[in-house]
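Read through the structure below, which is laid out as structure tokens, and then see the notes.
Residue numbers begin at 1 in each chain, while the letters A, B, ... track the order of the sequences. Given the structure is predicted, the values throughout are model-derived calculations rather than measurements.
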There are 2 protein chains.
Amino acid sequence: MNNNYTIDTMAEISNKEVTNREEDYSKWYNNLVVKADLAEQSAVRGCMVIKPYGYAIWEKMQHELDRMFKETGHQNAYFPLFIPKSFLSREAEHVEGFAKECAVVTHHRLMNSPDGKGVVVDPDAKLEEELVVRPTSETIIWNTYKNWIKSWRDLPILCNQWANVVRWEMRTRLFLRTAEFLWQEGHTAHATEAEAIAEAQKMVGVYADFARRYMAMPVVVGHKSETERFAGAVDTYSIEAMMQDGKALQAGTSHFLGQNFAKAFEVQYANKEGKLDYVWATSWGVSTRLMGALIMCHSDNNGLVLPPALAPIQVVMVPIFKTDEEKAAIVARMEQLKKEMEAKGISVKLDNRDHLRPGFKFAEWELKGVPVRIVIGPRDLENGNVELARRDTSTKESVPQEGLAGYVSELLDTIQNNMYEKALEFRDSHVVKVDTWEEFKEKIEDGGFLLCHWDGTPETEEKIKEETKATIRCIPIDSCVCEEEGKCIYSGKPSKRRVIFARAY
Amino acid sequence: MNNNYTIDTMAEISNKEVTNREEDYSKWYNNLVVKADLAEQSAVRGCMVIKPYGYAIWEKMQHELDRMFKETGHQNAYFPLFIPKSFLSREAEHVEGFAKECAVVTHHRLMNSPDGKGVVVDPDAKLEEELVVRPTSETIIWNTYKNWIKSWRDLPILCNQWANVVRWEMRTRLFLRTAEFLWQEGHTAHATEAEAIAEAQKMVGVYADFARRYMAMPVVVGHKSETERFAGAVDTYSIEAMMQDGKALQAGTSHFLGQNFAKAFEVQYANKEGKLDYVWATSWGVSTRLMGALIMCHSDNNGLVLPPALAPIQVVMVPIFKTDEEKAAIVARMEQLKKEMEAKGISVKLDNRDHLRPGFKFAEWELKGVPVRIVIGPRDLENGNVELARRDTSTKESVPQEGLAGYVSELLDTIQNNMYEKALEFRDSHVVKVDTWEEFKEKIEDGGFLLCHWDGTPETEEKIKEETKATIRCIPIDSCVCEEEGKCIYSGKPSKRRVIFARAY
């Protein structure tokens with residue numbers, strides 16, 4: 001085969017396109033999202049367009065999550081986009097958290113402009129009560145559940161919805177923080193406190209499982225501190241991941257809402273003894289923010305690196321030839337191999353575009369993070385081999401065409417595991433125990449998770465944030481290394497466990 | 001088995017719940033949607049809550065349609081919920097059709113009310129330009145495509161999005177006409193007129209295929225008249241179904257948009273000769289309105305009748321017993337049979353709720369339209385039989401447990417076909433050729449499709465609508481019975497083909 005097109009050449013080509021992550025991580029990220037055709041800014045402030053390649057990854061995430069939700073007994077439903085303004089005020093903390101920066105619908109009609117130029121808002125079409133585009137749906141859903149719940153027999157209610165939500169963020173970044181984003185929100189209703197807590201824990205567990213198995217992304221599961229809790233929740237659980245710049249990213253949250261929303265919307269049920277009691281609630285969600293996490297957890301200076309479990313294209317095939325005869329023979333062989341791989345459930349793209357050089361194609365598919373590239377040139381065809389390149393390790397090898405599908409199938413599993421191990425190793429090498437304030441201020445500049453004692457007060461948390469921009473990411477629950485007595489790094493007061501401090505997205 | 005619980009008893013029970021469709025078709029429909037747990041009105045005017053059972057049917061529709069779109073080369077993407085007000089004015093006809101009744105976002109913040117009661121709109125947070133919640137996305141999408149298209153190599157673009165849209169309807173009905181509804185909208189860009197027309201035709205064909213094969217609903221494919229055309233389209237194709245009251249329901253539309261949106265948003269491409277030309281466009285969509293069509297096409301006074309291809313539960317199993325021993329033995333046998341059916345891809349619900357009588361369960365699952373009910377009582381268990389009831393024909397038979405899964409699998413196909421044939425027979429028996437204005441005025445009162453000659457002018461169409469409330473549903477293209485010369489029923493002027501007039505939802 002033509003050895004002009006090697007991994008090194010590819011790196012050169014794509015280096016010209018994507019900023020180096022060591023130079024400017026933030027710019028590298030923005031650049032990559034756009035260059036890899038994942039998403040772009042729209043004409044509407046803070047709203048993104050999710051392009052087909054990006055949406056295909058999101059669809060794979062949705063598909064797995066939806067299956068996991070259904071396997072844990074949940075059903076999908078759909079609730080209104082709009083929330084009457086007054087609903088937001090019903091739950092005292094919730095309104096503080098969500099009513100502020102939101103899209104407010106005040107009118108229901110446009111009319112031709114009196115000056116004949118375009119359209120203007122019709123002043124006669126003012127709504128009696130303004131509607132807010134949902135920033136989250138607890139209020140409208142609990143107002144609905146009120147009519148669904150009479151007795152213990154109606155419980156639990158285990159609903160999820162896939163929807164768009166809007167939060168009027170001032171500073172936006174593609175996938176990480178956008179005014180409109182896509183998400184799922186689970187909303188469950190239970191007869192007992194214990195059952196609701198168990199549900200909230202179960203769902204944060206589902207998120208952790210999803211992150212690890214499909215995104216190949218290690219996460220810590222923990223409680224949020226009071227300050228970082230969801231507005232209206234009694235307890236918030238989250239999964240926290242570490243990005244390659246050492247910053248933390250909250251990738252999913254699950255809330256135990258106590259009876260707060262049931263009380264705000266008067267949702268009571270008759271228990272087995274016939275007595276009325278308020279219903280217990282949870283809510284939980286992940287969003288298109290996961291796309292940002294996926295990108296920043298694995299990708300490199302040559303582009304995306306996608307875990308096989310979420311890659312829309314798992315294998316790309318590129319023929320190399322000089323003559324039409326060579327092309328015909330190679331493409332024919334590739335078609336056969338493609339069918340064999342597809343029969344094993346592998347998604348394969350044969351890139352036989354005529355007007356592009358192989359080197360250009362290599363760089364493009366590398367940029368798009370396709371896990372495996374298979375190349376056949378005239379000599380490979382003769383020898384019965386293919387040249388196979390792995391995106392995660394940038395290694396190449398010659399592999400027999402005979403049995404290729406089985407080989408690739410196993411290789412995809414290997415890549416999936418390798419990506420997780422690599423990310424885990426990175427994460428673990430950036431978790432440090434810190435015991436003094438001086439050390440904290442020094443170490444936080446290097447990024448990573450700092451395991452520290454904290455006195456448990458919002459005041460100390462706030463001071464630490466002011467001085468270092470670090471926040472408590474979580475109080476870990478799935479790791480016992482944190483359960484030890486000590487003294488708060490800031491106040492010196494006694495503490496029973498370490499918590500994770502980090503700077504975060 | 002206990003013969004107290006027969007089909008007749010069921011009918012009695014559910015008759016008490018659902019209005020008779022012969023008495024009041026409209027009330028029957030509303031009643032059924034709510035009683036069968038499909039959807040309900042929300043606290044927000046004109047917006048519905050789609051309940052889990054209704055949503056499960058919609059998900060099945062989505063699943064099949066999405067597969068069909070992908071098989072025809074389309075990819076999903078996602079575009080913003082909001083459209084800048086000025087975008088709507090760019091295409092002259094489009095703004096007339098869509099800018100009028102819509103949700104207008106004017107502010108981006110709420111603040112605590114000065115009187116301390118709740119929240120009010122913050123007057124300082126007025127948007128520079130108002131945003132409209134998308135009623136349809138041609139404008140924002142073509143503004144985006146402008147940046148995606150440079151040369152003929154970038155074409156075609158074949159995108160679809162699954163989304164919510166809002167049209168501020170004054171009179172709403174669950175599924176049929178709601179302020180917010182769920183839909184998919186395909187938006188494609190092509191280098192040539194012929195290719196765009198072929199695409200619009202292909203997609204209306206996909207819709208017709210979906211309606212017939214999955215919804216078991218016969219449809220006529222045709223062109224819309226100029227009056228009924230999509231605002232901004234050069235030509236609109238639709239599928240038109242007939243409901244049981246003889247009224248027509250437009251179940252899907254596909255538009256050839258010419259170069260209208262390309263011109264409005266300045267989208268040009270360099271052709272193979274290097275010359276610039278405007279891009280050709282289509283758009284096409286179906287919505288949760290299909291749920292209304294599905295219900296009104298098949299259901300009866302006892303409740304929903306769902307085609308097996310879209311039924312969330314295809315088979316319900318109800319045990320009948322007197323003693324705990326009988327229950328244990330029957331349920332154990334049912335679990336085995338359930339597994340056998342599930343292995344054949346059949347979705348089965350075993351209803352072993354303790355506190356409900358079998359008759360109540362029969363009525364409930366009949367109301368919910370489950371295609372097949374299987375009952376085992378002590379004698380059936382002894383004899384190795386089950387009692388099997390079909391929802392579509394209300395017939396019962398005794399079937400051996402041995403080989404039940406295979407039998408049911410074939411039966412589900414039979415039911416699917418039977419439902420289509422029954423609906424087709426009904427439809428065809430309500431299509432009449434009408435040649436005089438007197439006859440038209442008389443026949444239109446009976447409902448059905450009237451095949452008539454029309455002079456092709458919007459004026460005549462408007463007069464007929466004013467006098468009879470009937471509109472031209474379509475100018476059929478998949479049937480040759482209409483291609484004949486004649487005279488317009490209203491004006492007497494010459495006509496080359498018949499069109500379909502009907503009253504419509």
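- B:K70 touches chain A through its side chain: at least one heavy atom from C-beta onward sits under 4.5 Å away, while N, CA, C and O do not.
- For the set B:M111, B:H355, B:H108, the entry with the most heavy-atom pairs within less than 4.5 Å of chain A is B:H108.
- Proximity to chain A is limited to the side chain of B:E180, based on heavy atoms less than 4.5 angstrom apart.
- Looking at A:V166 and B:V105, their side chains never come closer than 4.5 Å, going by heavy atoms from C-beta outward.
- Side-chain contact check for B:V133 versus A:F82: some heavy-atom pair is nearer than 4.5 Å.
- Within the 4.5 angstrom heavy-atom criterion, only side-chain atoms of B:E40, from C-beta onward, approach chain A.
- The choice from A:S86, A:A56, A:A39, A:P80 that makes the most heavy-atom pairs within less than 4.5 Å of chain B is A:P80.
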Margin query: Pair B:Y78, A:N164 - check side-chain contact (heavy atoms from CB on, under 4.5 Å), show working.
Written below: CA-CA 10 Å; B:Y78 188 77; A:N164 52 347; 3.2 Å; yes
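- Across every non-hydrogen atom of A:V119 and B:S89, the tightest pair is CG2-OG, 3.5 Å.
- Closest approach of B:W148 to A:P52, counting heavy atoms only: CH2-CD, 4.2 Å.
- Using a 4.5 Å cut-off between heavy atoms, B:D37 does not touch chain A at all.
- Interatomic distance, SG of A:C102 versus CG of B:L110, reported as 4.0 Å (0.5 Å rounding).
- Annotation for B:K349: atom NZ does not count as buried by contact number, only 12 or fewer foreign heavy atoms lying within 6.0 Å.
- Looking at B:V95, only its side chain comes within 4.5 Å of chain A, counting heavy atoms on both sides.
- For B:E128 and A:R45, the salt-bridge test fails: no basic side-chain N is under 4.0 Å from an acidic carboxylate O.
- The side-chain heavy atoms of B:W168 and A:L127, taken from C-beta on, include a pair separated by under 4.5 Å.
- A 4.5 Å side-chain heavy-atom check between A:Q75 and B:K51 finds every atom pair outside the cut-off.
- Taking chain B as the reference chain and counting heavy-atom pairs below 4.5 Å, the highest number among A:A43, A:C159, A:A103 is found for A:A103.
- Using a 4.5 Å cut-off between heavy atoms, B:L81 touches chain A through backbone and side chain atoms alike.
- At a 4.5 Å heavy-atom cutoff, B:I141 makes no contact with chain A through either its backbone or its side chain.
- Neither the backbone nor the side chain of B:R353 comes within contact range of chain A, judged by heavy atoms closer than 4.5 Å.
- Contact annotation for B:E59: only side-chain heavy atoms (C-beta onward) come within less than 4.5 Å of a heavy atom of chain A.
- Residue B:F87 touches chain A through its side chain alone, counting heavy-atom pairs closer than 4.5 Å.
- Heavy-atom minimum distance, A:K100 versus B:R109: O-CG, 2.8 Å.
- Using a 4.5 Å heavy-atom threshold, the side chains of B:E130 and A:V120 count as separate.
- Each of A:N76, A:N112, A:V44, A:T106 has some count of heavy-atom pairs under 4.5 Å with chain B, and the biggest count is that of A:N76.
- Of the residues considered (B:T178, B:V121, B:N160, B:L182), B:L182 shows the highest number of contacts with chain A, using heavy-atom pairs under 4.5 Å.
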